[in-house]
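Just below is one structure, and these are the notes that go with it.
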Amino acid sequence: MRQRPWLALVGGFGGLLLLMAGAETGALIFQDRLHQNGSELKAHFLERNRILEEIRSNIYLSGTYARDSLLAPDAPVARAQIAALENLQRDTDAALERYAGSIEPEEDTPFRKLRAEIDAYWSVLGRTYSWTPEERNKFRVAFFYEELIPRRTSMLQIADRVAALNEEMLKRGDAKLSTLFSRWQFGLIGIIVLTLLGGTILAGFAVVHILRLEDQAQQRLEDTLQARASLQELSAKLLRAQEDERRALSRELHDETGQSFSAILMETENLLDLEPAPEVRVHLESIRSVAEKGMNEIRNMALLLRPSMLDDFGLVPALDWQARQTAKRTGMRVQFASEVNDELPEEHKTCIYRVVQEALNNCARHAQATTVQVAVRAQSGKILLRVQDDGSGFDAGRARGLGLLGMEERVRHLGGTFEIDSHPGRGTRLEIALPLTALNGNGDGTSSYSAGRRS
């Protein structure tokens, strides 16, 4: 169960992230390929156009060199122009070779015609390289206008057709790029749809699984709260049963056992009044002493179980008596102050009395305190109790015995708050607050008491 939420979250949202990452990666790859194809097409067109312009420029320039060689006044000048023509021919042939490596099938026939015309053109020009000055003077005009100009014009026309084919190739490339872009758009839409669909499925799976886990957790929470409420109710019933049992035992001891000791004590006193023999008097006095001691023990036990004054006289006298008894028994100086009347609910009186009783016992048994302050007061519809000692203290965050847990359970059952502040070597302060729906009386009854002695 601990792994299922983790698996659901990782499978759902992790899968969604993977889909998104895959979609973005695919889109980026396709976009990069599209950009690369466009760049290659543009570079290819520019390179072919540059080569074609170089061929056309060489053709133009060759006509100028041929004219200058035919019109040269002497042989050295003519040979210089012919050497320039030969260099142009080599450059043109190299450019044609480069262009031939990049032509499309549609350009093959026009390019062959262009190359054949250029080869024929160079062949015609080559015949003039061996002319004598007399032959140049005789044939140059006719050669220039009948051979050179027409052939150059024809070659330039073919070059223009090749350039037009080059532009057609660029247009086809643009159309191809447009097709690729349309495919990319369609693919991107498909990726988005698949991503949304897959993400919806994965997110739905995760949500359904998490909602199911939430329902299970809610059901377990309700079961836990119900079990906790049942435990609290059981604890409250046990506390009430315990108090009822203590009250019954206290009355039984007081009414039955205490009266039996009282009867023994009275009968012993009656026998002593008859002036018995000295040896009998000794035994009667021993019986009286044992009866008195037993009666005192029974009274103390009854008071410890459930002081009758708590039921007969109220909370303040019972706390007063508890403070005196604790001071007398332990030697601590117990200061008690009350600013509340005794018209309190029975459970509140019992809770406050038991908390004070347990706190005083802890101060005597564990804290080695010399002074304890106990204060009870009413404020804003609440009964506030504070018990503070100057003892050794303890770590309240770690040490919690059954006594403290029992006190806290009593207070929590009545809807109150329980706070304890203690540190080693700095004493302990215990505070509780019990809510009251209504406090009868004016609540201004004040009682204070200081009992005990310093050790």
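Leu436 is listed as a side-chain neighbour of His348, based on a closest heavy-atom distance under 4.5 Å. In this structure the side chain of Cys351 reaches within 4.5 angstrom of the side chain of Leu434, judged on heavy atoms. Contact check for Leu385 versus Val374: side-chain heavy atoms found under the 4.5 Å cut-off. Val316 places a side-chain heavy atom less than 4.5 Å from the side chain of Phe336. Looking at Leu360 and Val372, their side chains come closer than 4.5 Å, going by heavy atoms from C-beta outward. Between Ser422 and Arg429, every side-chain heavy-atom pair lies at or beyond the 4.5 Å cut-off. Using a 4.5 Å cut-off on side-chain heavy atoms (C-beta onward), Leu430 and Asn362 make no contact.
Under a 4.0 Å N-O distance rule, the pair Glu408/Arg412 qualifies as a salt bridge. In this structure, Arg115 pairs ionically with Glu97, as a charged nitrogen and a carboxylate oxygen lie closer than 4.0 Å. A salt bridge links Arg98 with Glu54: at least one charged nitrogen is closer than 4.0 Å to a carboxylate oxygen.
For the residue pair Gln219 and Asp223, a side-chain donor N or O sits within less than 3.5 Å of a side-chain acceptor on the partner. Using a 3.5 Å distance cut-off with no hydrogens or angles, the side chains of Thr371 and Asp389 do not pair a donor with an acceptor.
Between Gln357 atom CD and Thr326 atom OG1 the span is 8.0 Å, to the nearest 0.5 Å. Expressed to the nearest 0.5 Å, how far CG of Leu284 lies from CG of Leu271 amounts to 5.5 Å. Note that OG1 of Thr330 and CG of Asn361 are 9.0 Å apart. Values are rounded to the nearest 0.5 Å.
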**Prompt:** Yes or no on salt bridge (Lys or Arg N to Asp or Glu O under 4.0 Å) for Glu222 and Arg220, after CA distance, side-chain angles and deciding distance?
**Reply:** CA-CA 5 Å; Glu222 291 176 358; Arg220 293 186 178 183; over 6 Å; no

Q: Take Thr428 and Asp421, measure what side chain to side chain contact (heavy atoms under 4.5 Å, CB included) needs, and give me the verdict at the end.
A: CA-CA 6 Å; Thr428 302; Asp421 183 20; over 6 Å; no

Please test Arg386 against Gln388 for side chain to side chain donor-acceptor pair (under 3.5 Å), starting from the C-alpha separation and ending with a verdict. CA-CA 7 Å; Arg386 178 172 179 173; Gln388 185 168 2; 2.8 Å; yes

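Judged purely by atom type and a 3.5 angstrom limit, Ser289 has no side-chain atom pairing as donor or acceptor with the backbone of Glu285.
Shown here are the salt bridge (charged side-chain N to carboxylate O under 4.0 Å, His left out) partners of Glu214, two or more places apart in sequence or in another chain: there are none. Scanning for side chain to side chain contact (heavy atoms under 4.5 Å, CB included) contacts around Gln368 gives Ser392, with sequence neighbours left out.
Taking all atoms of both residues into account, the shortest heavy-atom contact from Ala433 to Lys382 is CB-CD, 4.4 Å.
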